Amino acid sequence: MAAQRIFALIDINNAYVCCERVFDPKLHNRPVVVLSNNDGCVVSRSVEAKAIGIKMAVPLFQIQHLIKQHQVAVLSSNYALYAEMSRRFMNILGSFVGEGEQEIYSIDECFLELTGQYCYPLNDYAKTILDTIKTWLGLECCIGIGYSKTQAKLANHLAKTYPSFDGICNIVDEDPCIIEDLLNNTSVGEVWGVGRKIKKRLEQFNIHSVMDLIQADEKQLGKHFSVMLENTVRELQGTACIEIEDQQIDRRQIISSRSFGHPIKDHHSLSEALTEFSLRAVERLRQQKLLCKTVGISIRTSRFQQNDYFHPYMMVHLQDYSDDVLEINQAVQQGLNRIFKAGYIYKKAGVLLLDIIPRQQHAPDLFFDPDKRIQREKLSDMLEKMNKKFGKDTLVPGRLVSLKPKLWAMNQNHRSPAYLTRWGELLRVN
């Protein structure tokens, strides 16, 4: 008889704030918030910030009184720092399990299958993981352990909610009476995959708590809802229905879009912004060894300009599948030329890469000059190597080279240094 499977979910507590605190000890034991693009809304809060009533996604201007009253530290999102910390975090977690037993779920969350580690005391193993991450990276984390991914996700929620767990909630070995009592007092909306709409419908079936859902008839719920909810109930009951996905799912599209720091109305500024977005999109395309055949371009004015809202969109088809940044940017500029209209004040733009396939599946078009294609591939590879070696955007298309300030650039008035990705911003100890 096969051993019952064991899963864990590990995530970073208040991830963005936690990453910032690693490099700035002054942020410890005080309210801290991290803001979204253009310093708009709160996207991460310290425990102290939550305690004084700062809500998630609240606009910055609405909490100015709390910031002044409680000396709240306000930071802009530092995505380069968070991405590098996430990469190191995931590498450490991968060292605790075998091949195919790790699933990177988000920038700060990771599933592990611990079935093969059940010969060790699970709580001790989990503590070793937490201690290693704390020692090597300085990050505070929580671990939830269960017989399925849904149980592990729920256990992680309990570990965060109840300090008595000391960061580790192990449903597998915990007293069942304690877990049952906690689940009776946990809203069904906390279950992975149960959103607000499903929660409201479940309440019509007199299902309010997680324990109510566990005790429900999964077959009947499957008829009234979906097979996914039926599997969710089975997972909560301890039967693993959702596998670890160790292979990254091929993307259907890659999007690089952003609201501008200041509205712009001239074609040149839009061209600069879309060139920047093209570079970021192609970076992700090449990192995942993918090619695209279609490029989408969008520009739009503010939604609040009801009588003057303009949001055109254009798709440009490439001659063949490509990851050539110059070719893709050329298509973006062609699309912009077709949809741009003078007289409008633009607030946002974006580039979409569509019709995507893995590079190894591509069969080159026989009518293309093979020598020219090889030369372009070498050029793209050289540009990528130079930017990796000497720093991001060392070599860029000429339209991005300008001495004038970029009005469209994202507002990041409170950004911390890129401690791990730029030589000039390395941490200095006085």
Side-chain angles (χ1 to χ4, degrees), residues 6-22 32-34 36 42-50 56-57 77-79 81-97 101-114 117 122-123 125-172 174 179 182 186-187 189-195 210 232 235-236 240 242-246 248:
I6 310 294
F7 297 84
L9 177 70
I10 302 94
D11 79 336
I12 305 169
N13 300 337
N14 311 312
Y16 291 176
V17 170
C18 195
C19 289
E20 298 284 357
R21 282 177 163 174
V22 170
V32 182
V33 296
V34 177
S36 62
V42 173
V43 294
S44 184
R45 307 161 293 162
S46 67
V47 173
E48 296 83 359
K50 296 175 185 177
M56 180 65 85
S77 291
N78 188 340
Y79 297 119
L81 174 65
Y82 309 149
E84 178 58 22
M85 291 294 282
S86 173
R87 185 187 68 81
R88 300 182 184 200
F89 170 68
M90 298 303 175
N91 285 345
I92 291 173
L93 293 179
S95 69
F96 282 91
V97 292
E101 295 178 334
Q102 178 184 25
E103 177 185 341
I104 299 173
Y105 184 63
S106 69
I107 191 171
D108 65 333
E109 289 181 285
C110 182
F111 284 105
L112 301 178
E113 180 162 359
L114 301 182
Q117 318 301 329
L122 287 177
N123 278 32
Y125 202 71
K127 190 175 186 307
T128 301
I129 294 174
L130 291 184
D131 289 346
T132 303
I133 294 169
K134 177 64 176 175
T135 302
W136 292 9
L137 295 180
L139 297 174
E140 300 281 353
C141 302
C142 282
I143 295 183
I145 301 173
Y147 291 114
S148 66
K149 287 170 69 175
T150 305
Q151 270 197 0
K153 182 90 169 162
L154 182 61
N156 182 274
H157 168 74
L158 296 177
K160 286 181 176 296
T161 306
Y162 298 97
S164 58
F165 282 117
D166 199 21
I168 302 171
C169 178
N170 177 8
I171 290 179
V172 173
E174 186 58 79
I179 296 299
L182 294 176
T186 303
S187 169
E190 299 296 341
V191 174
W192 186 33
V194 176
V210 177
T232 294
E235 287 250 320
L236 287 172
I242 306 173
E243 294 296 324
I244 290 285
E245 297 175 359
D246 62 318
Q248 190 170 34

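Just so you know, these numbers use all the heavy atoms, side chains as well, and skip hydrogens, waters and symmetry mates. Because the structure is predicted, anything quoted here is derived from the model rather than measured.
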Side chains of [X] and [Y], heavy atoms from C-beta outward: is any pair under 4.5 Å?
X	Y	result
Glu235	Gln151	no
Thr186	Leu158	yes
Glu20	Leu81	yes

Working to the nearest 0.5 angstrom, can you tell me the gap between [X] [atom1] and [Y] [atom2]?
X	Y	atom1	atom2	value
Leu122	Ile168	CG	CD1	10.0 Å
Lys153	Ile242	NZ	CD1	11.0 Å
Ile12	Cys18	CD1	SG	6.5 Å
Leu236	Leu154	CG	CG	6.5 Å
Ile143	Lys127	CD1	NZ	11.0 Å
Glu113	Glu243	CD	CD	7.0 Å

[X] side chain to [Y] backbone, donor-acceptor under 3.5 Å:
X	Y	answer
Ser86	Ile107	yes
Glu103	Ile244	no
Ser187	Gly189	yes
Tyr125	Phe96	yes

Candidate pair Cys169 and Asn156, rule side chain to side chain contact (heavy atoms under 4.5 Å, CB included), full reasoning: CA-CA 6 Å; Cys169 178; Asn156 182 274; over 6 Å; no

Do you know which two heavy atoms are closest between [X] and [Y], and how far apart they sit?
X	Y	value
Ser148	Phe7	CA-CD1, 3.5 Å
Cys110	Met90	CB-SD, 3.6 Å
Ala126	Ile145	CB-CD1, 4.0 Å
Tyr147	Ala240	O-CB, 3.8 Å
Cys142	Lys160	SG-CG, 3.8 Å
Leu93	Leu112	O-CD2, 4.0 Å

Centroid-centroid distance, Phe111 to Trp192, less than 6.0 Å: yes

Leu9 vs Glu109, side chain to side chain contact (heavy atoms under 4.5 Å, CB included): CA-CA, chis, key distance, verdict: CA-CA 7 Å; Leu9 177 70; Glu109 289 181 285; 3.8 Å; yes

Derivation and outcome, side chain to side chain contact (heavy atoms under 4.5 Å, CB included), residues Trp136 and Phe89: CA-CA 9 Å; Trp136 292 9; Phe89 170 68; over 6 Å; no

Sequence-distant partners of Asn123, side chain to side chain donor-acceptor pair (under 3.5 Å), two or more places apart: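 With neighbours one apart ignored, the set is Asn170.
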
Contacts of Glu190 that satisfy salt bridge (charged side-chain N to carboxylate O under 4.0 Å, His left out) - sequence neighbours left out: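 If we apply the salt bridge (charged side-chain N to carboxylate O under 4.0 Å, His left out) test to Glu190, skipping adjacent residues, there are no hits.
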
Asn91 atom CG: more than 12 heavy-atom contacts under 6.0 Å: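 Above 12, so yes.
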
Check residues 43-50 and write down every donor-acceptor pair under 3.5 Å in which the side-chain atom is one partner and the other belongs to a residue at least two apart or another chain.
{"unit_1": "Ser44", "atom_1": "OG", "unit_2": "Val17", "atom_2": "N", "d": "3.4"}
{"unit_1": "Arg45", "atom_1": "NH1", "unit_2": "Ile54", "atom_2": "O", "d": "2.8"}
{"unit_1": "Ser46", "atom_1": "OG", "unit_2": "Val32", "atom_2": "N", "d": "2.9"}
{"unit_1": "Ser46", "atom_1": "OG", "unit_2": "Glu48", "atom_2": "OE1", "d": "3.2"}
{"unit_1": "Ser46", "atom_1": "OG", "unit_2": "Ala49", "atom_2": "N", "d": "3.2"}
{"unit_1": "Glu48", "atom_1": "OE1", "unit_2": "Arg21", "atom_2": "NH2", "d": "3.0"}
{"unit_1": "Lys50", "atom_1": "NZ", "unit_2": "Asn14", "atom_2": "OD1", "d": "2.9"}

